[in-house]
Engineer: 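To start, I am sharing the structure in question, which I have written as structure tokens.
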There are 2 protein chains.
Amino acid sequence: MELKQAIMERRSVRQFTAENIARPELEQILEAGIWAPCAGNLQEWEFVCVTDPAMIGKMKVVSPGVFWKPQAIVVVCVDGTKAGEAFGARNAERWSIFDCAMAAQNMMLRAYDLGIGSCAIGSFNAVAVRELLDIPEHVRAELLLLLGRYEALPQPPPRKAEVIHWERFGNRGSGREGGST
Amino acid sequence: MELKQAIMERRSVRQFTAENIARPELEQILEAGIWAPCAGNLQEWEFVCVTDPAMIGKMKVVSPGVFWKPQAIVVVCVDGTKAGEAFGARNAERWSIFDCAMAAQNMMLRAYDLGIGSCAIGSFNAVAVRELLDIPEHVRAELLLLLGRYEALPQPPPRKAEVIHWERFGNRGSGREGGST
């Protein structure tokens, strides 16, 4: 699929069919994640891909943001020790979240490219997820990425074009070159 | 360009040529940003696209992370008031950063698709950038996105495959279906 099409057509999908996702597809989605840019090329992220339906059921119980049952959940985590040593205590969480989010966006685009719906979820109990998945103390679960096939994509929500400014904040119309919009 | 190619081949580019970027190309890059997913569809981001060479020179002075001169800089900002009202004081910064990062990743991929190099920069003086670009008090500059054409892409840095775990943290080999890697 063309990049532009993937960017424009990808929607957040929360309702999934029962159709399985093959392991090679999950591998391709995860590979897209590890090719995201990251601060200082630290790659302080850790991705735990859960496909076991029983475990997904347990995770759902502690994740208010998960309404339907996905076929897979990628838990996007950060190695807090690595991040702290590289970025310092003050910036560690900030850069880690930037890095995790870029990796997640790569994975969501690649999922859509493979016909798989996705949704990034922040509403979950990170302590419970840690215990369920044997995540060590120094690693934090930052985001759940739900993956599954879908009957239909949601309608695109309206986007705000007024967030775009040219040269200075508040200048929403003409740029330096003018007239070319 | 195929999505997969863009994801795998995009590199962080810091050294740019003097070749101009046309306004329609910048518009397409910014449009990719506004189609990123965001928490609660809040779209609390603001993108200030600077192309004026004199202003880019001034921004460079207050941005230690900018070594060469890009042709454009997109300042990725957050409306802190919107974020605070929607997400609450405790989570506002966290979700805002997730949203800005996903938008930035969309923009960097689309830039590469158009033959334009990019690099996300966190090392800049946000107060000075605010003053230079008339950014109001309730809006925070979170990231600079440098854009410019390039002579050559940097070599891909080695990626760590060991960050991928299956079913539980620490299980790096076989998944539920086994043997298909």
Engineer: A cation-pi test, strictly: NZ or CZ of B/Arg23 under 6.0 Å from the centre of the six-membered ring of A/Trp166 and no more than 45 degrees from its axis. Yes or no?
Structural biologist: yes

Engineer: Which heavy atom in A/Pro157 sits nearest to a heavy atom in B/Asn41, and how many Å separate them?
Structural biologist: CB-ND2, 3.2 Å

Engineer: Taking all heavy atoms of A/Glu162 and all of B/Glu46, pick out the closest pair and write down the distance.
Structural biologist: O-OE1, 4.1 Å

Engineer: Check whether any side-chain N or O of B/Glu167 sits under 3.5 Å from a backbone N or O of A/Asp52 as a donor-acceptor pair, and report yes or no.
Structural biologist: yes

Engineer: If you tally heavy-atom pairs under 4.5 Å against chain A, which of B/Cys38, B/Cys119, B/Pro136 wins?
Structural biologist: B/Pro136

Engineer: Can you list the residues that meet the ring pair (Phe, Tyr, Trp, His ring centres under 6.0 Å) rule with B/Phe47, with sequence neighbours excluded?
Structural biologist: B/Trp45

Engineer: Measuring from B/Glu27:CD to A/Ile164:CD1, what's the distance to the nearest 0.5 Å?
Structural biologist: 8.0 Å

Engineer: If you look at every heavy atom in A/Ala104 and B/Met102, which pair is closest and at what distance?
Structural biologist: CB-CE, 4.0 Å

Engineer: Do you know which of B/Gly122, B/Gly170, B/Ala6 has the most heavy-atom pairs with chain A at a distance under 4.5 angstrom?
Structural biologist: B/Gly122

Engineer: Any link between B/Ile135 and B/Phe124 through a network of hydrophobic side chains (Ile, Leu, Val, Met, Phe, Trp, Tyr) touching at under 4.5 Å?
Structural biologist: yes

Engineer: Measure distances from B/Ala32 to the heavy atoms of chain A and classify the residue's part below 4.5 Å as side chain, backbone, both or neither.
Structural biologist: both

Engineer: Pick from A/Gln43, A/Arg11, A/Gln5: which one has the most heavy-atom pairs with chain B under 4.5 Å?
Structural biologist: A/Gln43

Engineer: Compare every heavy atom of B/Cys100 with every heavy atom of A/Phe98, then report the nearest pair and how far apart it is.
Structural biologist: CE2-CB, 4.5 Å

Engineer: Heavy atoms only, distances under 4.5 angstrom: which of B/Val139, B/Leu133, B/Leu132 has the most pairs with chain A? Name it, please.
Structural biologist: B/Leu133

Engineer: Checking heavy atoms, do the side chain of B/Met1, its backbone, both or neither come under 4.5 Å from chain A?
Structural biologist: backbone

Engineer: Grouping I, L, V, M, F, W and Y whenever their side-chain heavy atoms are under 4.5 Å apart, do A/Met59 and A/Ile121 come out in a common cluster?
Structural biologist: yes

Engineer: Under 4.5 Å from any heavy atom of chain B, what part of A/Ala120 do you find: side chain, backbone, both or neither?
Structural biologist: side chain

Engineer: Would you mind checking if A/Arg159 and B/Glu31 are paired as a salt bridge, meaning a charged N to carboxylate O distance below 4.0 Å?
Structural biologist: no

Engineer: Would you call A/Pro37 and B/Arg10 a side-chain contact if the rule is heavy atoms closer than 4.5 Å?
Structural biologist: yes

Engineer: Taking it one step at a time, do B/Arg94 and A/Glu142 satisfy side chain to side chain contact (heavy atoms under 4.5 Å, CB included)?
Structural biologist: CA-CA 10 Å; B/Arg94 181 178 175 78; A/Glu142 298 282 3; 2.6 Å; yes

Engineer: When you look at A/Trp35 and B/Lys4, which way does the side chain to side chain contact (heavy atoms under 4.5 Å, CB included) test go after all the steps?
Structural biologist: CA-CA 10 Å; A/Trp35 282 98; B/Lys4 184 181 172 183; over 6 Å; no

Engineer: Mind checking whether A/Ile73 and A/Val129 sit in one hydrophobic cluster, side chains of I, L, V, M, F, W, Y counted as touching below 4.5 Å?
Structural biologist: yes

Engineer: Would A/Leu144 and A/Phe16 show up in the same hydrophobic cluster when neighbours are defined by side-chain heavy atoms closer than 4.5 Å?
Structural biologist: yes

Engineer: Sort B/Leu42 into side chain, backbone, both or neither according to what part of it lies under 4.5 angstrom from a heavy atom of chain A.
Structural biologist: backbone

Engineer: Would you kindly confirm whether A/Val13 and A/Ile7 end up in one hydrophobic cluster when ILVMFWY residues are joined by side chain heavy atoms under 4.5 Å apart?
Structural biologist: no

Engineer: Which one of B/Glu44, B/Met8, B/Glu93 has the most heavy-atom pairs closer than 4.5 Å to chain A?
Structural biologist: B/Met8

Engineer: Between B/Ile34 and A/Lys160, does the side chain to side chain contact (heavy atoms under 4.5 Å, CB included) criterion hold? Intermediate values first, please.
Structural biologist: CA-CA 7 Å; B/Ile34 69 176; A/Lys160 296 175 189 162; over 6 Å; no

Engineer: Do you know which of B/Pro156, B/Ala101, B/Ala103, B/Cys77 has the most heavy-atom pairs with chain A at a distance under 4.5 angstrom?
Structural biologist: B/Ala101

Engineer: Please list, in residue-number order, every residue in residues 106-113 of chain B that has a heavy atom less than 4.5 Å from any heavy atom of chain A; write 'none' if there are none.
Structural biologist: B/Asn106, B/Met108, B/Leu109, B/Arg110, B/Asp113

Engineer: In terms of heavy-atom pairs under 4.5 Å, which option from A/Gly33, A/Ala72, A/Cys49 contacts chain B the most?
Structural biologist: A/Cys49

